[in-house]
Amino acid sequence: EPEVTQTPSHQVTQMGQEVILRCVPISNHLYFYWYRQILGQKVEFLVSFYNNEISEKSEIFDDQFSVERPDGSNFTLKIRSTKLEDSAMYFCASRRQGAYSGYTFGSGTRLTVV
Amino acid sequence: GQSLEQPSEVTAVEGAIVQINCTYQTSGFYGLSWYQQHDGGAPTFLSYNGLDGLEETGRFSSFLSRSDSYGYLLLQELQMKDSASYFCAVNYGGSQGNLIFGKGTKLSVKP
C-alpha cells in the first residue's frame, strides 16, 4: 500500500534555529498538507498546497513557516526561527484529486525545541 | 468560532458496541470524516460522510445529520486492537479538503 514518508522521525533543535521537515507524498496525489499535534492535543491544520502553490494557511502558519515542493516529489516544511512552542508532532498528508477522499498521513516528525 | 465536540474518553469491553458522538459548529461544511490514531502513530482515515445517513465499512459505521450538525462513529464487535483515539474532522474547505479536527475520544477496550 502506498505510503507518505516523513523524515526525520525525530528532530531536536535549539530555539532560534531553522529546521526543515521533509515529506514524500504518494505519487499520484495532488493535494498536500501539513498538520501538527502538540502532545495530547488535537491535530491542527497548518497549510494546504495544490498546483504548486499554497491554497490555504492557518493563523499558526505565520511568516516563520514556509513550504516548498522543490522537485516534484518532496514536500518540505521550513521553520525559520524555532520557538519552544513549536515543539509538536508534525504530520504531512496527501490525498488524490476527485471526489473527496481521506487523507493519507505520514508517520510524523517529532520536533523538540530546547 | 469553529468547534467540534466529542467525548474525551470512552471505555467498553471486547465484543461490545460503542458509539462516539460528534457535534460541530463550523463556518463551512462539506462533510465529516473519522480518523483513528494509536498512541505514537499517525491518524488513519476510517470514513467520510458527505450526505446524511449511514456509511458502513466492515465493523465500523458512521452517521451524519447535517440538519442537527451531528454525527457518530459506531464500532461493533470491539477488539483490543481498537483501543485508540478517534477524531472527528469537518471538511470545511470543499475541494481543497482542509480539515478541522475535534479533540479526540480515547477508546479503551477491556477484556
Side-chain angles (χ1 to χ4, degrees), chain A residues 1-7 9-10 21 23-26 29-51 53-61 67 88-110, chain B residues 1-9 20 22 24 26-51 55 57-58 60 62 64 66 71 73 84-106:
Chain A
E1 189 170 329
E3 290 184 343
V4 174
T5 305
Q6 289 187 245
T7 54
S9 56
H10 191 185
L21 310 183
C23 169
V24 179
I26 294 173
H29 284 191
L30 298 178
Y31 295 89
F32 313 115
Y33 309 86
W34 284 99
Y35 282 77
R36 79 173 186 188
Q37 186 178 33
I38 295 171
L39 187 63
Q41 299 189 23
K42 67 178 179 179
V43 178
E44 298 176 293
F45 169 71
L46 292 179
V47 66
S48 58
F49 193 88
Y50 172 72
N51 201 25
E53 61 182 18
I54 291 174
S55 45
E56 187 174 344
K57 56 187 180 180
S58 72
E59 293 177 352
I60 302 169
F61 195 90
V67 289
M89 181 73 91
Y90 287 80
F91 290 106
C92 172
S94 69
R95 69 175 186 90
R96 63 180 186 267
Q97 195 168 19
Y100 180 77
S101 59
Y103 290 15
T104 301
F105 280 88
S107 53
T109 294
R110 179 166 296 286
Chain B
Q2 316 222 67
S3 66
L4 287 83
E5 298 293 331
Q6 54 181 126
S8 58
E9 292 184 33
I20 300 173
C22 175
Y24 58 87
T26 56
S27 57
F29 182 86
Y30 291 85
L32 186 70
S33 299
W34 289 91
Y35 285 80
Q36 178 192 61
Q37 186 180 34
H38 287 97
D39 283 347
T44 303
F45 174 71
L46 292 177
S47 69
Y48 172 74
N49 293 74
L51 301 172
E55 294 285 338
T57 308
F60 295 177
S62 59
L64 174 66
R66 296 173 69 131
L73 179 70
S85 291
Y86 292 84
F87 294 86
C88 60
V90 164
N91 172 7
Y92 69 94
S95 62
Q96 296 300 321
N98 298 343
L99 298 178
I100 298 172
F101 282 79
K103 293 183 178 179
T105 298
K106 188 170 178 63

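Letters A, B, ... mirror the listed sequences (proteins, then strands); counts begin at 1.
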- Message: Can you give me the closest heavy-atom contact between B/K103 and A/K42, atom names plus distance?
- Response: CA-CB, 3.6 Å
- Message: Less than 6.0 angstrom separating the ring centers of B/Y35 and A/F105, yes or no?
- Response: yes
- Side chain to side chain, B/L99 and A/Y103, heavy atoms closer than 4.5 Å: yes
- Message: Could you work out, with ring-ring contact (aromatic ring centres under 6.0 Å, His included) as the rule, every residue matching A/F49, not counting sequence neighbours?
- Response: A/F75
- Go through A/Q37, A/R110, A/M89 and name the one with the most non-hydrogen pairs under 4.5 angstrom from chain B. A/Q37
- Query: Strictly under 6.0 Å, is that where the ring centroids of B/F101 and A/Y35 end up?
  - Reply: yes
- Message: With rounding to the nearest 0.5 angstrom, report the OG to CG distance, A/S58 to B/N98.
- Response: 9.5 Å
- Query: Under 6.0 Å from the CD atom of B/Q2, do we count more than 12 heavy atoms belonging to anything else shown?
  - Reply: yes
- So which heavy atom on A/F91 is nearest to which on B/A42, and how close? CE2-CA, 3.6 Å
- Item | Results of ring-ring contact (aromatic ring centres under 6.0 Å, His included) for B/F60 - residues two or more places apart only | none
- Item | A/Q6, part contacting chain B, at a heavy-atom distance under 4.5 Å | neither
